Amino acid sequence: MCIFCKIAKGEIPCYKIYEDNDFLAFLDLSQATKGHTLIIPKKHYDNIFSLDEKIDIMLPVVTVAKALKKSLKIDNINMINNNGPLAGQTINHFHIHLIPRYDNDKVSLNFGENSFTAEELKSLSETIAKEINSK
Ligand code: 5GP
Ligand code: ZN
């Protein structure tokens, strides 16, 4: 059983913030900033590619985000979700990070830059849309 499944079952302790039948939110042990929280479905999904698209994870995510805003008096949050090792996923149980942002915190997010022509963007969008429309 994975470590987040064990947390969801209460076999490993966590600093719990929110719980309902399907979801659990708890503090990330390594706090990127004060209040850094993870939201997980209690059911195991490796990552976004195996996630049931019908689960309503935005309910706990928004609930926790609003609670962080009020309780910590912050107005900025990054919502981050890593899928696969190249994307930085280290725990293979789907989770969403909420990272409150503060003036001069140490968080660094860099999307980098790429340049595509209009034609390339059109072709790219069509390739992806075709996959969706073939379903
Ligand atoms: P990922 O890199 O997979 O997106 O994020 C995994 C996160 O889980 C990391 O930020 C890491 O600090 C956190 N983490 C790993 N093990 C534990 C644990 O046992 N308890 C808690 N609360 N967080 C953990
Ligand atoms: Zn799991």
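The chain is numbered in sequence order, starting from 1. The figures here come from the full heavy-atom set of this structure, side chains too, leaving out hydrogens, waters and symmetry mates. First listed ligand is number 1; within each ligand, the first listed atom is number 1. The structure displayed is predicted, hence computed values, not measured ones.
Atom CG in Leu98 sits 6.0 Å away from atom CG in Leu68 (nearest 0.5 Å). Interatomic distance, SG of Cys5 versus NZ of Lys42, reported as 12.0 Å (0.5 Å rounding).
Sorted by first and then second residue, the ring pair (Phe, Tyr, Trp, His ring centres under 6.0 Å) pairs with a member in residues 38-69 read His44-His93; sequence neighbours excluded.
Within 4.0 Å of ligand 1, counting heavy atoms only, the contacting residues are Ile3, Phe4, Ile7, Phe26, Leu27, Asp28, Leu29, Ser30, Leu38, Asn82, Gly88, Gln89, Thr90, Ile91, His95, His97.
Distance alone, capped at 3.5 Å, places no donor-acceptor pair between the Thr33 side chain and the Ile99 backbone. Asn133 places a side-chain N or O within donor-acceptor distance of the main-chain N or O of Ala129, the cut-off being under 3.5 Å. A donor-acceptor pair under 3.5 Å is formed between the side chain of Asn81 and the backbone N or O of His95.
Scanning for side chain to side chain donor-acceptor pair (under 3.5 Å) contacts around Tyr18 gives Asp20, with sequence neighbours left out.
Residue Phe94 is tested with Ile40, Ile39, Ile57, Asp52 for a side-chain contact (heavy atoms from CB on, under 4.5 Å); the sole match is Ile57.
Counting only protein atoms, the N, O or S atoms lying less than 2.8 Å from the Zn ion (ligand 2) are Cys2 SG, Cys5 SG, His44 ND1, His93 ND1, ordered by chain and residue number.
Salt-bridge annotation for Glu126 and Lys122: present, with a side-chain N of the basic residue lying under 4.0 Å from a carboxylate O of the acidic one.
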